[in-house]
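This one's a predicted model, so the numbers in the text were calculated from it and none came from an experiment. Chain letters run A, B, ... following the sequence lines, proteins first and then strands; every chain starts at 1.
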2 protein chains.
Amino acid sequence: MWSLQVFTVFAFAYVASGQFELPNPWTWRCVPQEGKDSVCVKELVTATTSGTSSNAACKITCGKYGPLWPKPKSAKIGNEVQYFLPSAVSENIVASEADKALVVQAVEIFKDNLNAYHPGYKKRQVVWRSRDGAKFIELRVSIEIEGPSQSHLTLDVSDEQYSLFVETLPSSSITNATIRAKTFFGARHGLETLSQLIDYEEAENSLMIVNSADIADQPSFTYRGLLLDTSRNYISVDSIKRTLDAMAANKLNTFHWHITDSHSFPMVLKSLPKMAYYGSYSDRDLYQPEDIRNLVVYGRVRGVRVLPEFDAPAHVGSGWEWGPQEGLGELTVCYKQEPWQEYCVEPPCGQLNIANENIYPVLGKIYKEMVELFGPIDMFHFGGDEVNLNCWNSSEEIVNYMSSNRVDRSADSFYGQWSIFQNRAYDLLTEANNNLPVPGILWTSHLTEKGRTTRFLDKNKYIIQIWSTGTDPLIKELLENKFRVIFSNYDAWYLDCGLGAWVGDGHNWCSPYKEWQAVYDNSPNKIALNLSSTVDLSLILGGEAALWSEQVDSESVDVRLWPRGSALGERLWSDPDHDWRDAEYRMVNHRQRLVKRGVQADRLQPEWCHQNEGLCYINKA
Amino acid sequence: MWSLQVFTVFAFAYVASGQFELPNPWTWRCVPQEGKDSVCVKELVTATTSGTSSNAACKITCGKYGPLWPKPKSAKIGNEVQYFLPSAVSENIVASEADKALVVQAVEIFKDNLNAYHPGYKKRQVVWRSRDGAKFIELRVSIEIEGPSQSHLTLDVSDEQYSLFVETLPSSSITNATIRAKTFFGARHGLETLSQLIDYEEAENSLMIVNSADIADQPSFTYRGLLLDTSRNYISVDSIKRTLDAMAANKLNTFHWHITDSHSFPMVLKSLPKMAYYGSYSDRDLYQPEDIRNLVVYGRVRGVRVLPEFDAPAHVGSGWEWGPQEGLGELTVCYKQEPWQEYCVEPPCGQLNIANENIYPVLGKIYKEMVELFGPIDMFHFGGDEVNLNCWNSSEEIVNYMSSNRVDRSADSFYGQWSIFQNRAYDLLTEANNNLPVPGILWTSHLTEKGRTTRFLDKNKYIIQIWSTGTDPLIKELLENKFRVIFSNYDAWYLDCGLGAWVGDGHNWCSPYKEWQAVYDNSPNKIALNLSSTVDLSLILGGEAALWSEQVDSESVDVRLWPRGSALGERLWSDPDHDWRDAEYRMVNHRQRLVKRGVQADRLQPEWCHQNEGLCYINKA
């Protein structure tokens, strides 16, 4: 045995860094599986072993989609690798000046991602081997954007399509990678895909890339979102940046920022400074205007739209205390009212005081400043969930208002008032957006219940975000009424479920925990078709996983989001026709990639399973 | 209104750091509650407000136990604070030279913990205000160890008792804190308690301490453990250090290190280098001898015993491959044998080959080196769980061995062989420990089932760690047979439960998630008394929460362990006669303290609840 011989010849010892002096006793080999994708098999190196391969080298060349996540629409990936050093990467960009400025930044991110593959990256101890001999190639990346310059995502899937062609000519020392796209957004996806065809090779202390690849790709859904709530707990700007980094790695394109709620108001508005002064948890728990603008740009160069939500007329409270001081009267009602159970679903309650006309100019100012901070916007999220009629009905001011308007206090009358509010909010937003109307998104609510939606809401103005379960007949009704929808059914895509309750004991309301397999298998199209075989699937814009932040903050946000957000990413980008089982090995490998990039993604399996693909099964399929 | 006046006089603006120029509009007041502990109530500062207080200042002076976690046996805590700067802390140590050396390190940790309260600590931007005027006091800490020098914990609770007396004489500019203990371990608990009577005061950019305190304290249980598995996934040395930091903050005293298993063998042994060479996941996923020695010392100065486990005869596999190479034959059987379900509870199986006499000298070497690395030891964990008889029974070598020894292949015969193995292992450990026998710990297993325990195991040699449920009648039997026990019943104290399955779909085997409330309410004494009113509770040494690492690694270990490990800490230190409800506000506050110290503890509730104690309830009790 070879390694026995090694033991006999050399004294066994370790170098100071904690690494073995001997070569890895293990090698990995790509082995086809009957009726399934190939797997990397770990084997002992013996005298008869012809050539060895690291686990990483096996994984980037093995299987139909190699190490790509989400898997592309079509892919041919070579089965050999070329070694190169980050210093040998050059790029050529063919694009309009405006797009070029974005691509330059995307290339920097790409190069940083390559550096992150080095095991010393986190400790800032990246030392690559020096180049020696003909073994190392140059990587020439060409990026061509063919369409007219487009600085923002629209709801068109062709925005994001790209092709990637990698080739290494025989006996050449150059690998060419060519990315073609219609927009910057497609081009950056191409760079992301390219970065995934590259990994660190331990034995060479260099990078490696597959010698060839031919990929054509575009998303299945145009809206691929992740919601983060920064009101129940504040999430640091750094944590949001990490979230955007990870979204980019998963080709998710919409960061839905649920920035305010009853609990806190961390958004600093210059025109309404008292909102954050009274409403933030502290003067450290703030998003300054420049933070927001920076994050919008940070997202854009990563292919992510930062979509603002201003939730109203419920889910307000903290930050609205100053109305009486300013002579505007009470702007909210039932905030902190007790017992809270009678007025909302969780403390501290609070809804806008619809009897107080002063709420509208304030709302107009909020929208105006949000449009400036987040814009240009192509959508706006109005929230609009969980209005509690008893809250309004318990306010003497509102009761009098209803009475003076000769409206009774039936549920339907309250819904009517709510829809009046919503229409005014929509108009205020349009006005804030220089009279340019954009689609508004609303959560499913009492307003969207059977029979009400078409009465209260205009399908041309509103997109409905579904947060009920995947068997709710409402989904069918919305689609039949031609509403565009986004799926966030809580039984699969609420990432905060499964922990202990935060009021009382037992587990939180939407338990159990939504495991990555459930996230992956949640198919909006299948859900819709199960409810009706005749619905127009083109109305399904996509989906979004939500992380409500009652039980998460900057410390745990990564663990909660990733890699479950990756499962979402592949569902929405690739919309696979198989279940999670066929994605498992790529998923486990992709999680490792996220960690290398500084994302504290949760661990799904023992490393043993990652080194022994196919052996951590429950039933042989 | 005062804050309205402020608005009128000053222009509203923010300083560059993102902080408001205006003072906090909110103040907190300690308000007694009928039949319950006092709470801090958030109130708007108005013209009639007499004196303001930060939330932190309210919390360290409010309630019977102030901000202390775990709560001490008895406490009187003053309701005023004194301000001071870290530079004004001095210490006086009265102890033997050996103890003094430890106390000096504990004082350094104490001072670092004080610095960690500064909000700039994580970004290494700690700038305290400069001292001005008479407002700031000196903090003089006196530490007196009365007993003879004791460098290691024993199973005696008096090891850890301490008293802490804080006083500030009227019109004095000195606060004296006096800690008295019998051992170093008690003294460091006193320092931990003292550090919790201190917090950061935002308005002063200084520290503050309660003006007076009188605390007498000792643990309810002598064994207060946390298990970390570093075989299923490798956990970095830094992450283990953070775990020990957090244990110290919760007065947990035993870090049970499940260092090896079938999956990987990360422990580098000089006498058996091939074990980690073949058995580690990579040459980065190693514990070098110096790492282990350093961690043992790191734990000791934090009051934590690092308890080694070497799990056998099952739960072995990776790292044992080299037997045939060295002419020792196969040291294990059924490792990676398929289908794994027939040979173990999870891939990749593996048990020691009890037919191969060569396993004993190897085991002897392992024990010898572990005693050197972890020693001096006062206990040793032999593992001893989940032996699968079919694994042994499927090995031709073992079947022949049984036959040649004229033993049949009944379950009882296999148990007999297992107990022979265990007795030899115990003797090898004793030999490795210079012939000094120490208690061995064993998991509950087939060997401890009804009727077998007394036949196979000696109660004077073995302590049994219970990992079945809290209603298992076995608990009664063990106690009636006078075995000392440690509780780790999985229905409350397995911290890996509630995630998705890692083989197959659905949720992992011990789901649901064990929320902090369930961890807190799991009382070993109550469990035992529920099973028998006549058991001798002194046999219950304590308890331990376990974090098996199939689905956790360095990225998520903090989130999984904390603050649930804190709930365990109070159960085992204080053994409260009430449930989690009476601990909730202290728990939420203590979690914030852990985060300040760099531990990524999970968030249990919105910050809103932390700022509005008593309002996040489900039912008014």
Engineer: Any side-chain heavy-atom pair from B:Lys336 and A:Asn612 closer than 4.5 angstrom?
Structural biologist: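 Touching, per the 4.5 Å side-chain cut-off.
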Engineer: Just checking, any donor-acceptor pair under 3.5 angstrom between side chains of A:Glu515 and B:His507?
Structural biologist: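 Side chains of A:Glu515 and B:His507: pair found under 3.5 Å.
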Engineer: Return the OH to CG distance between A:Tyr278 and B:Leu44, rounded to the nearest 0.5 Å.
Structural biologist: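 That separation rounds to 5.5 Å.
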Engineer: For each of B:Asp291, B:Asp505, B:Val595, B:Val559, tally heavy-atom pairs with chain A at distances under 4.5 Å, and name the one with the top tally.
Structural biologist: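 With the most close heavy-atom pairs to chain A, the winner is B:Asp505.
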Engineer: Chain A heavy atoms under 4.5 Å from B:Trp580: which part of the residue, side chain, backbone, both or neither?
Structural biologist: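 Just the side chain, heavy atoms under 4.5 Å.
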Engineer: So do the side chains of B:Asp558 and A:Gln600 get within less than 4.5 Å of each other, counting heavy atoms only?
Structural biologist: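 In short, these two side chains do not touch, never coming nearer than 4.5 Å.
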Engineer: What is the distance from atom CH2 of A:Trp608 to atom CH2 of B:Trp502, rounded to the nearest 0.5 Å?
Structural biologist: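 Those atoms lie 8.0 Å apart.
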Engineer: Heavy-atom pairs under 4.5 Å with chain B are the metric here; pick the option from A:Gly506, A:Ser318, A:Ser511 that has the most.
Structural biologist: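 That would be A:Gly506.
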Engineer: So A:Gln605 and B:Val503, do their side chains get closer than 4.5 Å, heavy atoms only?
Structural biologist: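 No, side chains not in contact.
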Engineer: Between B:Gly498, B:Pro119, B:Cys609, B:Ser262, who has the most heavy-atom pairs with chain A when the cutoff is under 4.5 Å?
Structural biologist: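 Between B:Gly498, B:Pro119, B:Cys609, B:Ser262, the count favours B:Pro119.
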Engineer: Indicate yes or no: at least one non-hydrogen side-chain atom of B:Ser264 is less than 4.5 angstrom from one of A:Glu607.
Structural biologist: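 Sidechains of A:Glu607 and B:Ser264: no contact.
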Engineer: Would you call A:Gln611 and B:His263 a side-chain contact if the rule is heavy atoms closer than 4.5 Å?
Structural biologist: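 A:Gln611 does not reach B:His263 side chain to side chain.
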Engineer: Using a cut-off of under 4.5 Å on heavy-atom pairs, state which of B:Arg560, B:Glu346, B:Glu584 scores highest against chain A.
Structural biologist: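 Option with the greatest count: B:Arg560.
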Engineer: Atom CG of A:Asp602 and atom CG of B:Asp553: how far apart are they, to the nearest 0.5 Å?
Structural biologist: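 A:Asp602 atom CG to B:Asp553 atom CG measures 8.0 Å (nearest 0.5 Å).
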Engineer: Do B:Glu550 and A:Arg603 make a side-chain contact, defined as non-hydrogen atoms from C-beta onward lying under 4.5 Å apart?
Structural biologist: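 B:Glu550 vs A:Arg603: side chains apart.
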Engineer: Counting heavy-atom pairs under 4.5 Å with chain A, which one of B:Gly500, B:Gly504, B:Ala276, B:Ser231 comes out on top?
Structural biologist: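 Option with the greatest count: B:Gly504.
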Engineer: Do B:Leu22 and A:Tyr277 have side-chain heavy atoms sitting under 4.5 Å apart?
Structural biologist: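 Yes. Closest side-chain heavy atoms under 4.5 Å.
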Engineer: Who passes ring-ring contact (aromatic ring centres under 6.0 Å, His included) against B:Trp26, sequence neighbours left out?
Structural biologist: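 Counting only residues at least two positions away or on another chain, B:Trp26 forms no ring-ring contact (aromatic ring centres under 6.0 Å, His included).
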Engineer: Output the option from A:Pro348, A:Ser556, A:Ala501 having the highest count of non-hydrogen pairs under 4.5 Å with chain B.
Structural biologist: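 Looking at each of A:Pro348, A:Ser556, A:Ala501 in turn, A:Pro348 comes out on top.
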Engineer: So what's closer than 4.5 Å to chain A heavy atoms on B:Leu499: side chain, backbone, both or neither?
Structural biologist: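 The answer is both parts of B:Leu499.
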Engineer: Against A:Glu555, only a single residue in B:Lys596, B:Lys122, B:Arg597 fulfils salt bridge (charged side-chain N to carboxylate O under 4.0 Å, His left out); can you say which?
Structural biologist: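 Exactly one option meets the salt bridge (charged side-chain N to carboxylate O under 4.0 Å, His left out) with A:Glu555, and it is B:Lys122.
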Engineer: With rounding to the nearest 0.5 Å, note down the distance linking CD in A:Glu338 to OH in B:Tyr617.
Structural biologist: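 So the CD of A:Glu338 and the OH of B:Tyr617 are separated by 3.5 Å.
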Engineer: Within the 4.5 Å heavy-atom criterion, are A:Pro606 and B:Tyr281 side-chain neighbours or not?
Structural biologist: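 Yes, side chains in contact.
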